[in-house]
Amino acid sequence: MNDDGYDHRSVERRYQEAWDEADVYRTPDDVSDPTYVLGMYPYPSGELHMGHVRNYTITDAYARFNRMRGEDVLHPMGWDAFGLPAENAAKERDTNPRDWTFDCIDTMRGQMESMGFGYDWDREITTCTPKYYRWNQWLFRRLHEEGLVEQRDAEVNWCPDCETVLADEQVEGEAELCWRCDTPVEQRELEQWFLKITEYANELIDALDELEGWPDSVRQMQRNWIGRQYGTTLPFEIDGHGTVEAFTTRADTVYGATFFALAPDHPISQELIKTDDEVHEFVHHETDPEGDEPNGVRTDLTATNPVTGEELPVFVADFVLSDVGTGALMGVPGHDDRDHVFATKMGVDIVPVIAPSDEDDVDVSESAFTDDGVLINSGEYSGLDSETARKEITEDTEGAELTTQYRLRDWGISRQRYWGTPIPVVRCSECGPVLVPKSELPVELPEFVNTTGNPLDAATDWKETTCPKCGGEAVRETDTMDTFVDSSWYFLRYVSPELTDAPFDLDRANDWMPVDQYVGGIEHAVMHLLYSRFITKFFADAEGLEHREPFTNLLAQGMVQLDGSKMSKSKGNVVSPQEIVEDYGADTARLFMMQAAQPERAFDWTEEGVRSTYAFLTRLYDLVESFDPETATGEHDAVAAYVESEIDATIAVATEEYESLTFNIALREAQGLVRTLRQYADYTEPHAATFQRGLETAVLLLSPVAPHIAESLYDELGGEGFVVNAAWPESDADRSTAEDRRRLVENTREDVRQIIEVAGIDDPERIDVVVAPEWKYRALEVAVESDAPNVIGELMQIPEIKKQGQAAADYGKDLQAEREALSVGLAVDEEYEALSAAAWLIEREFDAPVRVVHAADADESTVAKATPGRPAIDILEP
RNA sequence: GCGAGGGUGGCUGAGCUAGGCCAAAAGCGGCGGGCUUAAGACCCGCUCCCGUAGGGGUCCAUGGGUUCGAAUCCCAUCCCUCGCACCA
């Protein structure tokens with residue numbers, strides 16, 4: 001298909017084999033503190049898609065860059081191999097999840113290899129193997145030992161299509177759809193195993209502040225998810241039903257409480273159903289928690305306000321949620337929007353108790369005033385500001401307590417599916433649930449049975465066992481773990497994937513962790529990343545891991561789109577990586593993706609972009625091929641000096657950009673260098689050593705992203721060994737000086753063009769570029785440093801300047817006028833040199849000889865116009 | 001509603017966390033030129049307005065402010081994207 005381009009197929013195959021043979025991506029166990037670069041491991045669907053390619057190209061390029069800079073690098077890959085799709089696929093294809101999964105893994109590993117991703121495959125992990133998941137079971141035991149596992153009946157999210165429970169995090173949007181299959185989620189009451197992530201809620205939220213290597217958006221999402229709120233629990237007496245605690249963040253508004261409300265499934269509501277027909281009617285028929293309107297029914301009960309002693313009417317209301325706060329609340333219609341709506345609807349009093357300030361009156365008849373302010377109508381507390389009042393009211397009130405509430409719930413990990421880690425518990429009629437002893441781990445999955453329910457229920461031989469405690473008859477727990485348990489610690493397993501007596505080697509993990517750069521999709525902002533942080537903290541507390549956070553730097557990579565929308569099978573707008581590799585090669589695909597946009601931004605895949613990237617690689621290939629140092633007999637002239645300075649500038653910029661993972665900018669530089677080299681060869685006979693260095697530099701700078709062709713060209717240029725192991729090019733160029741030089745050259749060329757155009761010069765005979773006299777640089781320096789009100793006086797103190805007479809006075813006036821904007825740029829010699837080196841560009845463009853001259857060698861009226869950073873230009877017409 | 005991030009020249013999109021080097025990078029598209037039998041590719045320019053020597057004008061969502069000076073800082077408004085949401 002692309003017969004015009006270089007032969008990517010043979011190049012890529014050759015080096016993939018060579019790397020493999022030389023084992024170049026291996027990270028030996030004895031290296032010390034390698035740079036740990038990790039992409040989120042994939043679910044082995046059997047098909048590598050563009051999102052994967054982008055994700056793993058980022059980590060691969062970064063890993064290669066670090067390796068070339070002499071770092072030891074840990075860059076492993078594995079498989080998030082448990083999960084429901086395997087069960088569905090097995091049913092469809094009449095096979096079993098294990099065979100299907102391993103087939104998929106083999107296919108995907110092959111696809112990754114064809115992309116040239118450099119992984120240490122000796123560290124590959126596969127979560128569906130007993131040697132991995134036994135450590136999930138071990139982890140479950142350890143969590144249990146530390147009191148962080150709990151079994152309880154719970155109202156759970158149930159996906160009828162997946163036939164399993166979902167964590168809150170796995171239910172999406174207002175419509176409450178399953179994150180995997182978009183089926184509306186139902187509620188069910190089931191006995192569930194929970195991991196008490198809430199015990200870590202405070203640290204999980206507080207430590208976010210220190211995670212400076214994470215995007216703000218992700219940190220904010222986690223903060224929201226954890227949802228910490230400081231407030232007060234107040235005890236309300238309800239006669240005949242005892243004390244009911246109500247949580248409020250606004251204890252300062254307690255004098256404005258005019259009703260009390262209970263959730264429909266609150267125990268008291270449930271009791272009232274039996275005796276109160278209206279409550280029964282409401283709870284069973286009218287309640288509409290999904291609706292926008294708050295609905296409720298008045299009961300015969302009253303609740304005693306613990307601060308004022310007032311009796312408040314008690315309602316059962318559907319906007320009160322049993323899993324928020326205590327499932328009961330005090331209603332303050334004057335200062336809460338929703339309470340206001342409800343009170344208006346039910347005809348409850350609305351009393352203002354907070355005013356914006358001392359003097360202000362507040363009108364709450366139409367809408368609530370929800371800001372903090374000053375208390376009014378609040379007895380002894382009137383006149384206090386909201387914050388103080390909250391504190392005092394809480395302190396003064398018997399039974400009131402400062403309370404912190406979280407939105408975060410414990411992590412329900414029970415899944416009623418086959419293809420997951422069996423929860424290592426046996427249920428004994430005598431002893432209840434008993435943990436499977438450590439010595440009997442792993443509890444391995446039985447053979448798959450194709451059935452409608454949970455295959456583990458159907459596996460009778462497996463299910464029926466004896467109690468480890470009393471030896472009596474017992475059955476195994478048939479629930480398996482959420483696969484997020486697998487991924488909550490897999491990054492630790494890579495450190496010692498074969499270890500048989502612990503999940504990971506502690507000493508090595510202490511040395512190698514945390515992951516220096518983690519890369520993956522934003523969809524894991526809460527779930528996976530929160531669980532991983534939780535489990536890491538647990539390992540720190542329980543197992544002596546010396547790190548409390550797993551990922552130092554996190555990059556959430558953007559989407560790969562087609563025509564502005566996400567690629568997806570359902571939309572049928574998928575570009576297959578395999579086809580691109582076939583047609584253009586992995587290097588083209590990788591380079592195109594990396595240069596198209598910053599890694600965190602979405603970008604559009606375009607056929608045109610791919611073609612032009614391929615054409616670029618082909619041009620580079622041809623340029624290297626056609627270069628013969630023997631026949632390149634050019635001098636080391638001004639042009640060569642220019643090319644050299646460009647090589648150095650390119651290295652300086654590209655290196656910085658690679659460091660910050662802004663590959664797009666680094667690659668633009670590298671591509672710019674190739675263009676410069678082509679122009680060089682086009683314009684004159686190149687100087688062999690300079691040209692050679694330029695080509696080598698371009699190849700090295702491109703190699704992290706386009707490794708195959710880089711190997712081939714590196715070899716062609718006489719490089720030793722693999723480019724993978726080559727040293728990153730060095731330059732002593734300073735980026736800002738390099739940029740000053742480029743700007744000077746660009747501005748000067750621009751000026752020449754403008755003059756020629758505006759003055760209507762058709763065919764210039766000669767172009768003189770005159771650098772400003774040295775004393776002006778000196779004067780500029782003085783002016784920048786001076787804080788005298790008028791710089792001219794100060795300048796005239798300097799003999800060297802003073803003797804310039806009127807010229808000095810004129811320039812001094814200019815400097816004074818622009819006083820605040822002045823800054824020192826290049827020195828006179830640097831300017832002269834930069835311009836001399838770039839003169840050929842002007843010559844070539846206007847086909848006229850260019851002289852770059854010092855002020856001393858030029859005519860006085862011309863020199864007068866030259867200033868530092870802005871040479872005078874004199875164009876001679878025939 | 002709450003929170004986060006944004007609104008830049010025909011389009012895409014840098015710069016804006018350290019205000020002056022910003023009429024504002026780069027790419028695309030468009031225009032002109034070179035190369036070529038020709039097309040493509042490639043190379044060189046131009047692409048807000050005015051201007052016969054590098055000048056001037058207007059400009060970075062809108063309106064105000066700070067400053068000698070603002071795309072860059074502050075305030076308000078409008079719009080967009082994302083996350084959370086009857087959260088007490």
Side-chain angles (χ1 to χ4, degrees), chain A residues 4 172-174 215-225 227 229 231-234 246-250 253 261 263 288-295 317-321 323-332 336-339 341-342 370 405-407 522 525-526 564 595-598 601-604 606 608-609 611-612 615 618-619 622 662 664-665 668-669 671-672 675 678-679 682-683 736 739-740 742-744 746-761 817-825 841 844-847 865 869-875 877:
Chain A
D4 297 342
E172 291 179 339
E174 216 162 330
D216 287 340
S217 58
V218 174
R219 294 197 279 174
Q220 194 56 36
M221 281 162 78
Q222 294 211 351
R223 280 191 201 102
N224 287 342
W225 188 263
Q229 270 191 315
T232 302
T233 35
L234 292 167
F247 176 78
T248 177
T249 54
R250 292 300 302 273
T253 63
D288 177 23
E290 309 298 313
D292 293 334
E293 273 281 289
N295 302 306
D318 62 359
F319 67 88
V320 186
L321 307 177
D323 60 345
V324 174
T326 60
L329 59 82
M330 66 171 192
V332 186
D336 180 278
D337 289 325
R338 191 208 40 227
D339 291 352
V341 174
F342 185 73
T370 56
Q405 280 277 332
Y406 302 90
R407 210 182 75 96
I522 187 74
V526 175
Q595 58 152 54
Q598 281 180 22
R601 300 188 98 96
F603 80 96
D604 269 1
T606 65
E608 194 196 357
R611 282 220 191 86
S612 89
T618 301
R619 283 200 296 282
D622 292 344
T662 35
N664 54 329
I665 301 175
R668 186 198 303 151
E669 281 293 322
Q671 289 180 297
R675 179 190 277 220
R678 286 171 59 86
Q679 292 171 344
D682 213 40
Y683 179 71
S736 82
E739 283 173 348
D740 280 350
R742 284 178 173 177
R743 194 166 326 138
L744 173 70
E746 204 32 68
N747 287 346
T748 306
R749 293 177 68 189
E750 187 82 40
D751 282 345
V752 173
R753 274 177 218 132
Q754 258 195 62
I755 294 166
I756 286 180
E757 196 203 316
V758 175
I761 300 168
E818 292 173 64
R819 229 12 224 298
E820 310 288 338
L822 299 174
S823 67
V824 178
L841 288 166
R844 190 188 55 170
E845 188 174 337
F846 300 100
D847 197 25
K865 285 186 278 184
R870 190 122 211 235
I873 295 163
D874 195 20
I875 299 175
E877 295 186 72

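Protein chains get the first letters and strands the later ones, always in sequence-line order, with residue 1 at the start of each. From a predicted model like this one, the values you see are computed outputs, not experimental measurements.
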Tell me what [X] touches on the nucleic acid: a base, only sugar-phosphate, or nothing, going by heavy atoms under 4.0 Å.
X	answer
I875(A)	base
S823(A)	nothing
R749(A)	sugar-phosphate
A317(A)	nothing
D874(A)	base

Closest to side chain of [X], choosing from [options]:
X	options	value
D216(A)	rC22(B), rG5(B), rG45(B)	rG5(B)
M221(A)	rG83(B), rA88(B), rG54(B)	rG83(B)
R668(A)	rG54(B), rA25(B), rG3(B)	rA25(B)
E845(A)	rC43(B), rG45(B), rG54(B)	rG45(B)
D318(A)	rC87(B), rC86(B), rC43(B)	rC86(B)
L321(A)	rG54(B), rC86(B), rU52(B)	rC86(B)
R753(A)	rG45(B), rG55(B), rC87(B)	rG45(B)
F319(A)	rA4(B), rC86(B), rG27(B)	rC86(B)
L329(A)	rA88(B), rC84(B), rG54(B)	rA88(B)
I755(A)	rC86(B), rG45(B), rA53(B)	rA53(B)

*asked:* With hydrogens left out and only the distance checked, is there a donor-acceptor pair under 3.5 Å joining R743(A)'s side chain and the base of rC21(B)?
replied: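 Under the 3.5 Å cut-off, the side chain and the base do form a donor-acceptor pair.
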*Are E746(A) and R753(A) ion-paired here, with the side-chain N under 4.0 Å from a carboxylate O?*
yes
*asked:* Using a strict threshold of under 4.0 Å (side-chain N to carboxylate O), is an ion pair present between D751(A) and R870(A)?
replied: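 Salt bridge present between R870(A) and D751(A).
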*Would a 4.5 Å heavy-atom cut-off, applied to side chains only, mark R844(A) and D682(A) as touching?*
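In short, these two side chains do not touch, never coming nearer than 4.5 Å.
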Are OP1 or OP2 of [N] and a side-chain N or O of [X] less than 4.0 angstrom apart?
X	N	answer
R338(A)	rA85(B)	no
Q220(A)	rC84(B)	no
R223(A)	rG83(B)	no

*Between G327(A) and D682(A), who's closer to the 5' end of RNA chain B by nearest nucleotide?*
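On the 5' side of the pair lies D682(A).
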Rounded to whole angstrom, note down the [atom1] distance from [N] over to [M].
N	M	atom1	answer
rG56(B)	rA41(B)	P	40 Å
rA18(B)	rU72(B)	P	15 Å
rG19(B)	rC68(B)	C1'	12 Å
rA85(B)	rG3(B)	C1'	11 Å
rC21(B)	rG69(B)	P	15 Å

